[in-house]
Number of protein chains: 2
Amino acid sequence: MKINRNQRRRPVTPQRKLLLSIIQEAQRHLDAKELYRRAIERDPSISLATVYRNLRLFKEQGLIEERRLDETRRYYESKRSGEHQHLVCRGCGHVIEFETPLIRNLIEEVERQNNFLVSRVELYLEGYCRECREERD
Amino acid sequence: MKINRNQRRRPVTPQRKLLLSIIQEAQRHLDAKELYRRAIERDPSISLATVYRNLRLFKEQGLIEERRLDETRRYYESKRSGEHQHLVCRGCGHVIEFETPLIRNLIEEVERQNNFLVSRVELYLEGYCRECREERD
DNA sequence: ATAGGTGCAAATGGTTTGCGAAAAC
DNA sequence: GTTTTCGCAAACCATTTGCACCTAT
């Protein structure tokens, strides 16, 4: 049986421990630079390349999720149990997470209609939150 | 009254005509390089910078839609009437477009629950098409 | 006449990679 | 002792931009 990249032996390095714990403690989604900034406070010699390499590894191992919340960067967050999606305000940039059971129905319908097996779902909604709508008066 | 960028006078240049007609005739989503390749066949002196500048303009004017169908590039397509989403096969890379009324319900629920006004929807589904599933035997 | 567009080449910015030294197992 | 990772600097690649010239109105 072929052993794929994700199942290979993976040494536990201090850098990996540090990065993963920062991601898990974080309240918000982090991009690579922000993760690097936080990591450097605890290990000043860590490099940005290591951050990128390990983000890729964690993603392949299914430990974190990658999201695109704007046009430029990729954001990461620790993988949690509930499937959730994001709502981004064009006014203040605030990111709201939400869950809805309706998305499962939708996926089932799409799978049936297209004879497709869905393995990844990313729903991105953009608009205006209440505060930003009220401000526009 | 302030005139915003999208309402300013916009000369019709041969480059713009060419680019827009290529996008409208295209069956598939095009990225900037592919659009450039096709444009150069009809106007060998057109530049990639002009392609990018006009893609941005067309997008701001609402003539085309921008989508992310993979991790690297941005893809563009002519804006059509029906709201539709994309299903991308991880096996063969094939892109299936679909529509479903369920997504409107979903958005209404999300708007109600979060007191949010949604202005852009992007649902990205990834998985395996029938052919690619059958091949894995 | 003039605001706006074009082509070119250089810059930008997020991400990836080659390499020799160092660490994990 | 062998395999994998690390830090560094350079490379990559899609996209953007400064500039001098050109074109649509």
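Chain naming here is simple, since letters A, B, ... match the order of the sequence lines and numbering starts at 1 in each. Owing to the predicted nature of the structure, the values given are computational and were not obtained by experimental measurement.
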Of A:Pro11 and A:Arg74, whose closest DNA chain C nucleotide lies nearer the 5' terminus? A:Arg74
Starting from the first five and the last five pairs of the helix from C:dA1-D:dT25 to C:dC25-D:dG1, work out the angle between the resulting helix axes, to 10 degrees. 40°
In residues 12-40 of chain B, what residues come within less than 4.0 Å of DNA chain D, judged by heavy atoms? B:Val12, B:Pro14, B:Ala32, B:Lys33
Polar atom pairs (N or O), protein with nucleotides 17-22 of chain C, under 3.5 Å:
| unit_1 | atom_1 | unit_2 | atom_2 | d |
| --- | --- | --- | --- | --- |
| C:dG18 | O6 | A:Arg53 | NH1 | 3.3 |

B:Arg16 side chain to B:Pro11 main-chain N or O, any donor-acceptor pair under 3.5 Å? yes
In this structure, how many angstroms lie between the C1' atom of C:dG4 and the CG atom of B:Asn54, rounded? 12 Å
What residues form a ring pair (Phe, Tyr, Trp, His ring centres under 6.0 Å) with A:His86, not counting sequence neighbours? A:His29, A:His84
For B:Arg10 and D:dT25, give me the distance from atom CZ to atom P, rounded to whole Å. 13 Å
Going by salt bridge (Lys or Arg N to Asp or Glu O under 4.0 Å), name the residues that satisfy it together with B:Lys59, two or more places apart in sequence or in a different chain. B:Glu66
Residues in salt bridge (Lys or Arg N to Asp or Glu O under 4.0 Å) contact with A:Glu41, at least two apart in sequence or another chain: none
Pair A:Glu122-A:Tyr124, side-chain donor/acceptor within less than 3.5 Å: no
Donor on one side chain, acceptor on other, B:Thr50 and B:Gln15, under 3.5 Å: no
I'd like to know if B:Glu34 pairs up with B:Arg73 as an ion pair, taking the criterion as any Lys NZ or Arg NE/NH1/NH2 lying under 4.0 Å from an Asp or Glu carboxylate oxygen. no
Is there a side-chain contact between B:Glu83 and B:Gln85 in this structure, where contact means two heavy atoms from C-beta onward sitting under 4.5 Å apart? yes
Gap between atom CG of B:Leu69 and atom CG of B:Leu87 - 0.5 Å precision: 11.0 Å
Short side-chain donor-acceptor distance under 3.5 Å, A:Arg74 and A:Tyr76: no
For A:Leu57 and C:dA24, what is the distance between atoms CG and C1' respectively, to the nearest whole Å? 14 Å
